[in-house]
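Notes to accompany the following structure.
Quick caveat: nothing in here was measured; it's all calculated off a predicted structure.
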Amino acid sequence: MSTYIFGHTTPDSDSIVGALSLSYLKNQLGEDTTPTRQGDITPETAFILERFGYKAPELKTSFAGEDVYLIDFSDIAQSPKDIKEANILGIVDHHKLGDITTSSPLECWIRPVGCSNTIVKQMFDYHGIEIPKNLAGMMMCAILSDTVLFKSPTCTKEDTKACKELAQIAQIEDYQALGMEMFIVKSDVLSSSPRELITRDFKDFIMGGNTIGVGQLEVVDLSVFDDMKDELMKDMAKFKEEGSRHTILLLLTDIMKIGSQLLVISDDNKKIEDALGVSLKDGEVWLDGVMSRKKQIIPFLEKRFL
Ligand code: MG
Ligand code: MG
Ligand code: MG
């Protein structure tokens, strides 16, 4: 029976590429594993897969009775519904430790770096396994995506080192240019509905019994949202009610200006203002220097909500 490897719900490039890279490594080590995904792939991930000639992993959302490895998450809220009935063999992740527990000992590679694929690269090195050229290219793109071209405060020396080594294996000289091309693909938001945009990179967190959803869109120029903001806010309110959420936040991140326009729909705007130390105007505020949901938003919300 094959062991399944998958990333979080509403998968990003790190989750998809991570399932593929970790599965390749595990198979080289003699295990029988299959990469899967919990949801649709984003335009950015489609660009990466096509550039390096890979197919998306198969969609699978139920894992009762199966052996699994998790990559890029350890939160129940980002898991398949029946995760408690799966047998978790291991976790590879770079987020805060979530609320998933196991009944058996597990292999755990959790590091405070900018990308899960940086850790997978270190696992390849640890085991002395060679990385195929095109897989290396995809892992490099996942690192450039998660670290926002090394600009995110989550980016570490280990990420830049892994990225450069992967670029060499992939024989890509100008990896920054390829990264920029990827972010330009990511910035094409005009052809998507408000709901597609809100949920494209969206995570629910349970904090003190409240569900707080936080989405993020990273673009090269925030003006693409100018004519869209009212509709986004309206649909955020709808999406909040549908999921019985306390709050929905949407970070519109400008990767050139290095900061985010935060949109807030909440049962308690005051609490969000307190948590982040800001004052909202019409449910919005510019957060200078804020690029990272996991490092610059979630910890402050958790402190205020617990
Ligand atoms: Mg991710
Ligand atoms: Mg990641
Ligand atoms: Mg991200």
Side-chain angles (χ1 to χ4, degrees), residues 3-8 11-37 45 48-49 52 54 57 67-75 78 88-98 100 102 105-173 175-176 178-179 182 291-292 294-295:
T3 297
Y4 294 102
I5 304 184
F6 52 88
H8 52 76
D12 55 9
S13 296
D14 191 25
S15 275
I16 298 294
V17 174
L20 292 164
S21 58
L22 183 59
S23 175
Y24 177 85
L25 172 66
K26 287 290 177 186
N27 292 353
Q28 290 299 302
L29 293 170
E31 292 182 48
D32 171 12
T33 72
T34 305
T36 62
R37 62 185 162 91
T45 308
I48 296 171
L49 292 168
F52 293 101
Y54 271 75
D67 288 343
V68 301
Y69 286 107
L70 313 183
I71 183 154
D72 202 31
F73 75 104
S74 67
D75 268 305
Q78 296 159 29
I88 299 169
L89 302 184
I91 300 175
V92 178
D93 190 27
H94 67 123
H95 295 85
K96 74 178 175 67
L97 186 59
I100 283 173
T102 63
L106 79 164
E107 178 184 6
C108 213
W109 293 72
I110 299 180
R111 303 267 195 285
V113 293
C115 181
S116 302
N117 274 279
T118 297
I119 306 170
V120 179
K121 165 72 168 68
Q122 293 171 344
M123 294 172 75
F124 270 97
D125 293 346
Y126 174 81
H127 289 289
I129 304 284
E130 252 179 63
I131 308 174
K133 187 175 167 221
N134 283 356
L135 184 61
M138 291 203 301
M139 293 169 70
M140 179 199 80
C141 283
I143 297 173
L144 289 168
S145 170
D146 260 16
T147 64
V148 193
L149 311 177
F150 305 157
K151 292 178 191 186
S152 170
T154 59
C155 186
T156 68
K157 276 187 192 141
E158 293 177 58
D159 298 296
T160 51
K161 179 172 178 281
C163 187
K164 285 171 190 169
E165 289 172 6
L166 289 164
Q168 225 158 34
I169 299 168
Q171 292 167 5
I172 291 170
E173 262 170 48
Y175 57 86
Q176 289 280 1
L178 179 57
M182 192 173 75
M291 307 275 281
S292 166
K294 77 160 81 57
K295 220 166 168 171

In chain order, what residues pass the side-chain hydrogen bond (donor to acceptor under 3.5 Å, both in side chains) check against [X], with sequence neighbours excluded?
X    : value
S74  : none
T3   : none
T45  : S13, T42
T156 : D159

Pairs flagged by salt bridge (Lys or Arg N to Asp or Glu O under 4.0 Å) wherever [range] is involved - sequence neighbours left out:
range            : answer
residues 145-158 : none
residues 131-145 : none
residues 116-132 : K121-D125, K121-E165

Check [X] against [Y] and note the closest heavy-atom contact, atom names and distance.
X    : Y    : result
P153 : K295 : O-NZ, 3.3 Å
A19  : I71  : N-CG2, 3.9 Å
A136 : I131 : N-CG2, 3.7 Å
S15  : G7   : OG-CA, 3.5 Å
S23  : I5   : CA-CD1, 3.5 Å

Spatial distance of atom [atom1] ([X]) from atom [atom2] ([Y]) [nearest 0.5 Å]:
X    : Y    : atom1 : atom2 : value
L149 : L178 : CG    : CG    : 10.0 Å
I16  : S21  : CD1   : OG    : 11.0 Å
L25  : N27  : CG    : CG    : 9.0 Å
I169 : L135 : CD1   : CG    : 9.5 Å
M139 : L22  : CE    : CG    : 9.0 Å
L29  : I129 : CG    : CD1   : 4.5 Å

4.5 Å side-chain heavy-atom contact, [X] and [Y]:
X    : Y    : value
D93  : L70  : no
M140 : L144 : yes
L20  : L49  : yes
I100 : F73  : yes
Y69  : V92  : no

Item to check | Test side-chain contact (heavy atoms from CB on, under 4.5 Å) applied to A142 - qualifying residues, sequence neighbours left out | outcome: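 Counting only residues at least two positions away or on another chain, A142 forms a side-chain contact (heavy atoms from CB on, under 4.5 Å) with D14, V17, C115, N117.
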Item to check | Identified side chain to side chain donor-acceptor pair (under 3.5 Å) partner of H94 from the options D72, T118, T154 | outcome: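 Answer after filtering D72, T118, T154: D72.
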Next on the checklist: With a 6.0 Å cut-off (strictly less than), is the heavy-atom count around CD of Q176, excluding the residue itself, greater than 12?
Outcome noted: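 Result for CD/Q176: enclosed.
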Next on the checklist: Which residues pass the salt bridge (Lys or Arg N to Asp or Glu O under 4.0 Å) test with K26, not counting sequence neighbours?
Outcome noted: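 Per chain and number, K26 pairs via salt bridge (Lys or Arg N to Asp or Glu O under 4.0 Å) with E31, E107.
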Item to check | Contacts of D75 that satisfy salt bridge (Lys or Arg N to Asp or Glu O under 4.0 Å) - sequence neighbours left out | outcome: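 Per chain and number, D75 pairs via salt bridge (Lys or Arg N to Asp or Glu O under 4.0 Å) with K96.
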Checklist entry - Can you pull the ring-ring contact (aromatic ring centres under 6.0 Å, His included) pairs that have at least one residue in residues 117-155, sequence neighbours excluded? => result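 Qualifying pairs, neighbours excluded: W109-Y126.
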Checklist entry - Can you name the residues that form a ring pair (Phe, Tyr, Trp, His ring centres under 6.0 Å) with Y4, not counting sequence neighbours? => result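 Listed in chain order: F63.
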Checklist entry - Passes side chain to side chain contact (heavy atoms under 4.5 Å, CB included), S145 versus M182? Steps please. => result CA-CA 8 Å; S145 170; M182 192 173 75; 3.7 Å; yes
